[in-house]
Amino acid sequence: MKEEMGSLETNECLEYKEGVAVKQPGTIQKFADELPIPEVLNPTSQGEDGAYYEVEMKCGKHRFHRDFNETVIYGYDGMYPGPTIETMRGQAVKVKWINHLPLNHFLPVDKTLHGAAGNPEVRTVVHLHGANVAPDSDGHPEDWYIRNNAKVFEYPNDQQATTLWYHDHALGVTRLNLYAGLAGFYLIHDEHEQCLDLPKGKYDIPLMIQDKTFREDGSLFYPANSVPPSPVNPSVVRAFIGNTMVVNGKVWPYLNVEPRKYRFRMLNASNTNGFTFKLWDKHQIEQPFYQVGTDGGLISKTKRLKKFPLDPAERLDVIIDFSKYAGQTITLRTEELNLQGKPETFKEDVMQFRVGIKAECEDRSAIPNKLRHFEKLDPKKIHPKPKVRRFVMTEDPDGLGRFKLTINHLGFMNAATEFPEIDSVEIWEFAHPTFDSNSPLGIPPNITHPIHLHLVQFQILERQDFDVKTFNEKEWIKNGNGIKLGKKHHPDPSENGWKDTVRVEPGKVTRIIVPFKHYTGEYVWHCHILEHEDHDMMRPLIITEKDCE
Ligand code: C2O
Ligand code: CU
Ligand code: CU
């Protein structure tokens, strides 16, 4: 172990400087860098049974902004974001994910978390988020491996065209590995989608949106402890809120666009922060997005949206028609509030589109009205009657003087409780009683938990208010009583499609309907706030064979 740490390459990867001050966002020139577009990866070989890729996780040098130094990141093939993998539906892909990272992390590792105690700091395993894959290729958090090891994962891509993303999922360090840069896009196309005349090629652009904080030298800052500090040091924090917006690896970038239609696959790959996105023209008047897809692919009909929420891991596929804005500048903005409920002034800007005067060629793409057949699941029409599972978003002491987030008071190491049968349909209900805002260690009270299930795609049925003061969680989990329910809310207009991540909002019960299909075996489900996932809001999900008794 000593020898490896001595090499120049690994030393350069450890340049995390304690004590270098945090950069104030007001000192950073906005819209100075052009938006990078991650390159599409070429297969190492193309066999009869599909494409084969090799991807090397390694340290890289990256410049986040024109005026910053080049600093250390972890990247797939040393790049951040990682290269994009593109495939057609039904064409299998194999990827050898090689770990050539150092053993020690450049960000502060909490050694008390599961997986971290007694193991090398840098452990990795790749998860393809939103994919239908067998359990041994899913990147289970305990399947991590270290430097000079590799795993070959197989992706059948047997699902409709959509925007997936791959990212690290190693137990106890996921938040740090993603923050360090281990994330990339994975796009599945299909023939149906190709017949729709949506903007294609260079007019189809993925946007990985993240909030980050930098040090004065332009390197990544990640807190080593919470405020006030917890008794453990370094310690996982409850939430990471960056002060700067980064898109495809650049701080507040701009993109030169033609006055024509573009498709943007928007991904919130932030650690904690949820955003509401909107577009402003030069008069600060909101301009429309035309939504064509959700996490799981195309929705049934194009939806005109003025704004939409996007929490960590959620994707939204939109068309923006710049033909009306020739010569103008359009700004992508957020409406996000910080944890104290105040507007995040600096982060309201995300990126700028500079619209040219004339399109290069005639725009033959369309904004079709009808997109794809979509069957809305009606719980009343499902036989046999769906099993209902109830979950409460809870928190518990972790035995080290901190609180951890849990689900029904259970964490990752507690025995599995969810054993859905393959080919069954279930309804999952998540109640989120808000936490006491005076709880120790500055726990944010009203945070929405983006809950993600591996393997499956589901639909959101509704959200319903409930009285958190009279809520009896034990009763409710057991038999559905002990709750005073209030007003029902339809899903947000942007949520009517297949989803793999759902925003579980405080003060509400959120209901989803989930068909379990394709594979049996051991997966996980968790909150996609990475600080929650690591401590300890993740549970086993075990899909079982049909019980034919
Ligand atoms: Cu994108 Cu289990 O996560
Ligand atoms: Cu996933
Ligand atoms: Cu959470």
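Everything numeric in this text was worked out from a predicted model, so none of it was measured. Order of listing sets the numbers, starting from 1, for every ligand and every atom in it. Values below: all heavy atoms of this structure, side chains included; hydrogens, waters and symmetry mates excluded.
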**Message:** Restricting to N, O or S atoms, which atom of H532 is closest to the Cu ion (ligand 3)?
**Reply:** ND1
**Prompt:** So does H169 have any N/O/S atom less than 2.8 Å away from atom 1 (Cu) of ligand 1?
**Reply:** no
**Minimum-distance atom from the Cu ion (ligand 2) among N, O or S atoms of H452** = NE2
**Request:** Could you label the plane-to-plane angle of the F277 and F308 rings as parallel, tilted or perpendicular, counting under 30° as parallel and over 60° as perpendicular?
**Result:** tilted
**Request:** Indicate if the distance from the Cu ion (ligand 2) to the nearest N, O or S atom of H127 falls below 2.8 Å.
**Result:** yes
**Under 3.5 Å side-chain donor-acceptor pair for R175 and T272** = no
**Prompt:** Does any N, O or S atom of H528, backbone or side chain, fall under 2.8 Å from atom 1 (Cu) of ligand 1?
**Reply:** yes
**Prompt:** Ring centres of F471 and W476 under 6.0 Å apart?
**Reply:** yes
**Request:** Give the ring-plane orientation class for H452 versus H129, where under 30° counts as parallel, over 60° as perpendicular and anything between as tilted.
**Result:** parallel
**Request:** Measure from the Cu ion (ligand 3) to each N, O or S atom of H449 and report whether any distance is below 2.8 Å.
**Result:** yes
**Asked** Under 2.8 Å from atom 1 (Cu) of ligand 1, is there an N/O/S atom belonging to H129?
**Response** yes
**Prompt:** Would you say the side-chain atoms of N271 and E531 include a donor-acceptor pair closer than 3.5 Å?
**Reply:** yes
**Message:** Do H449 and H526 pair up side chain to side chain, a donor and an acceptor below 3.5 Å, judged on atom types alone?
**Reply:** no
